[in-house]
J.: 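Right, I'll just put the structure down here and ask away after.
Numbers here simply count residues along the sequence, with the first being 1. We count ligands from 1, going down the list as the structure has it; atoms in each ligand are counted the same way.
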Amino acid sequence: MEDGLENDFKKAGIVAEPLSTQVAGCHTGNAGPSNKTEMLDIGNGYVLKLIQAPPRGPREIGFYEKVFDEKTNEKDVIALRPHLPQFYGSHVYNNFTYLKLENITSSFRKPSVMDVKIGAISWDPEATEAKINQEKSKFPPAQKVGFRFAGMRVYNQESESFEVLDNHYCYSLTEETILSHGFERFFRQGKDIQKNAIQVILSKLKDIEQWFVSQRTFSFFSTSLLLVYESSVNSIETTQHMSCESENTIKRRLQDLPIIADVRMIDFAHVFPSNSQDENYLHGLRSVIFYLNSLLHSV
Ligand SMILES: Nc1ncnc2c1ncn2[C@@H]1O[C@H](COP(=O)(O)OP(=O)(O)OP(=O)(O)O)[C@@H](O)[C@H]1O
Ligand SMILES: O=P(O)(O)O[C@@H]1[C@H](O)[C@H](O)[C@@H](OP(=O)(O)O)[C@H](OP(=O)(O)O)[C@H]1O
């Protein structure tokens, strides 16, 4: 483990601040032996995530180290990297050890952010009966739809401010309102649904789905997909017409435009080794794809 970050920080005059775009997890700032995290923004496109108490923390760092191990030649593992935040090792700061990760939101001017926890089974094979019951009761529709929202923040172009919808709001949704009060609320700006952003996110989700169809290395419990889109007026206007173009055309044209949307897998405290297809994850992922397709073709 590296412990030079604190000194590096002081030398460079870098300040670690709470990550303003964080939408789930703990926001108390009590980085400590609790298993909850406040994400820290250290600038230059990096965030710090506290390594949680065992077994969560060691499992998460073990996962990142395996995926980003330069010596690995495991195809599944290498192909997963583009779908995760880039990992830059572990660092000690203020006596606590953190993962240093790419800040997925830092390239956006006004990022709207949504955390979607994937899987009807959001507890791992070592969970107690009490934990299983706690997870099941949190958002019962997840048993059918295969995911739940953990939190979101949506930029409002008119008021030029962010609306924060926490887990209480998310758990108050029903199967009937997931689309209208969940995905639509997230992707709506005034009278427009941000179809360009949905297209980009769908294309990336399909790549992730392809990875899951072939991989037999991991089982992912209680991980999230972090959806981000650019909500400042200009980028939406410049890409408005893209919603009617083919996926390949969009991919080519995006190379010349500022980033308009992104989606990455995050939160790996409950990833276990496996030798079979992760049906729990695939069901949730396909369900998210289904809802986004419905929204795309709704109006
Ligand atoms: N690499 C990242 N870039 C930008 N934001 C991130 C990144 N990783 C996490 N976040 C933000 O921090 C939040 C919490 O992250 P994460 O789920 O990893 O923490 P956690 O404490 O393990 O959460 P939970 O309590 O839901 O298990 C996410 O919802 C997201 O808003
Ligand atoms: O979002 P909420 O409603 O606050 O619920 C928490 C959320 O589901 C976390 O993902 C979970 O941690 P894990 O995924 O690591 O289990 C935590 O479990 P915990 O209470 O057992 O820490 C829950 O309390």
J.: Would V47 count as being in polar contact with ligand 1, using the rule that some N or O on each side must be under 3.5 angstrom apart?
T.: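 The answer is no, given that V47 and ligand 1 share no N or O pair closer than 3.5 Å.
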J.: If you measure from atom 10 (O) of ligand 2 to every heavy atom of K117, K131, E135, E60, which option wins on shortest distance?
T.: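 Comparing heavy atoms across K117, K131, E135, E60, the nearest one to atom 10 (O) of ligand 2 lies in K117.
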J.: Return yes when Q52 approaches ligand 2 closer than 4.0 angstrom through a heavy atom, no otherwise.
T.: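 Q52 does not count as a contact of ligand 2 under the 4.0 Å cut-off.
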J.: D115 to ligand 1: N or O pair under 3.5 Å?
T.: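 D115 vs ligand 1: N/O contact under 3.5 Å present.
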J.: Please could you name the atoms of ligand 1 that P85 approaches to less than 4.0 Å, counting only its heavy atoms?
T.: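 Answer for ligand 1: 1 (N).
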J.: Could you list which atoms of ligand 1 come closer than 4.0 Å to a heavy atom of G25?
T.: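 Counting atoms of ligand 1 from 1, those under 4.0 Å from G25 are 21 (O), 23 (O), 25 (O).
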J.: Transitively linked via ILVMFWY side-chain contacts under 4.5 Å: I193 with V263?
T.: yes
J.: Around atom CZ of F272, are there more than 12 heavy atoms of other residues, nucleotides or ligands at under 6.0 Å?
T.: yes
J.: In ligand 2, which numbered atoms sit nearer than 4.0 Å to a non-hydrogen atom of S222?
T.: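 With S222 as reference, the close atoms of ligand 2 come out as 10 (O), 14 (O).
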J.: If the cut-off is 4.0 Å to any non-hydrogen atom of N103, which atoms of ligand 1 fall inside it?
T.: 3 (N), 4 (C)
J.: Taking the ring of F183 and the ring of F147, is the distance between their centroids below 6.0 Å?
T.: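 Yes, they do, as the ring centres are separated by less than 6.0 Å.
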J.: Treat each ILVMFWY residue as a node, draw an edge where side-chain heavy atoms are under 4.5 Å apart, and state whether I289 and W211 are in one component.
T.: yes
J.: Kindly say whether F220 contributes a backbone atom to a donor-acceptor pair with the side chain of T223 at under 3.5 angstrom?
T.: no
J.: For ligand 2, is there an atom lying under 4.0 Å from some heavy atom of F221?
T.: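 It does not, in that no heavy atom of F221 comes within the 4.0 Å cut-off of ligand 2.
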J.: Below 4.0 Å, non-hydrogen atoms only: which portion of Y171 touches ligand 2? Side chain, backbone, both or neither.
T.: side chain
J.: Establish, yes or no, whether a centroid distance under 6.0 Å links the rings of Y88 and F68.
T.: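 Judged by ring-centre distance (under 6.0 Å), Y88 and F68 do not meet the cut-off.
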J.: Flag the pair K131 and D124 as a salt bridge only when some basic side-chain nitrogen lies within less than 4.0 angstrom of an acidic carboxylate oxygen.
T.: no
J.: Considering distance alone, does some N or O of H270 sit under 3.5 Å from an N or O of ligand 2?
T.: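 So ligand 2 has an N or O lying under 3.5 Å from an N or O of H270.
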J.: Could you tell me which atoms of ligand 1, counted from 1 in the order shown, lie closer than 4.0 angstrom to a heavy atom of K49?
T.: 16 (P), 18 (O), 19 (O), 20 (P), 22 (O)
J.: Would you please determine whether Q52 falls within less than 4.0 Å of ligand 1 on a heavy-atom basis?
T.: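 The answer is yes, since Q52 has a heavy atom less than 4.0 Å from ligand 1.
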J.: Does E135 come within less than 4.0 Å of R148, counting only side-chain N to carboxylate O?
T.: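 Judged by the 4.0 Å cut-off on N to carboxylate O distance, E135 and R148 do form a salt bridge.
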J.: Centroid separation under 6.0 Å, is that true for the rings of Y171 and Y169?
T.: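 No, the ring of Y169 stays outside the 6.0 Å limit from the ring of Y171, centre to centre.
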J.: Below 4.0 Å from ligand 2: does a non-hydrogen atom of H168 turn up there or not?
T.: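 No, H168 has no heavy atom closer than 4.0 Å to ligand 2.
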J.: Looking at ligand 1, does R56 have a heavy atom less than 4.0 Å from it?
T.: no
J.: Taking 4.0 Å as the limit for heavy-atom contacts, which would you say applies to R148 with ligand 2: side chain only, backbone only, both, or neither?
T.: side chain
J.: Please work out, at 4.0 Å between heavy atoms, whether the side chain, the backbone, both, or neither of Q22 comes within that distance of ligand 1.
T.: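 Contact part for Q22 vs ligand 1: both backbone and side chain.
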J.: Just going by heavy-atom distances, which of L50, D267, I266 is nearest to atom 15 (O) of ligand 1?
T.: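 Nearest option to atom 15 (O) of ligand 1, by heavy atoms: I266.
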J.: Mind checking whether T105 has an N or O less than 3.5 Å away from an N or O of ligand 1?
T.: no
J.: Counting only heavy atoms, tell me which of A24, S222, S20 gets closest to atom 13 (C) of ligand 1.
T.: A24
J.: Please say which of F186, F108, Y155 ends up in a ring pair (Phe, Tyr, Trp, His ring centres under 6.0 Å) with Y229.
T.: F186
J.: For the aromatic rings, using the six-membered ring if either is Trp, is the centroid distance between F268 and F218 under 6.0 Å?
T.: no
J.: Enumerate the atoms of ligand 1 whose separation from the nearest heavy atom of T21 is less than 4.0 angstrom.
T.: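 Checking each atom against T21, I get 31 (O).
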J.: If you count every heavy atom of other residues, nucleotides or ligands that lies below 6.0 Å from H181 atom NE2, does the total exceed 12?
T.: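 Open.
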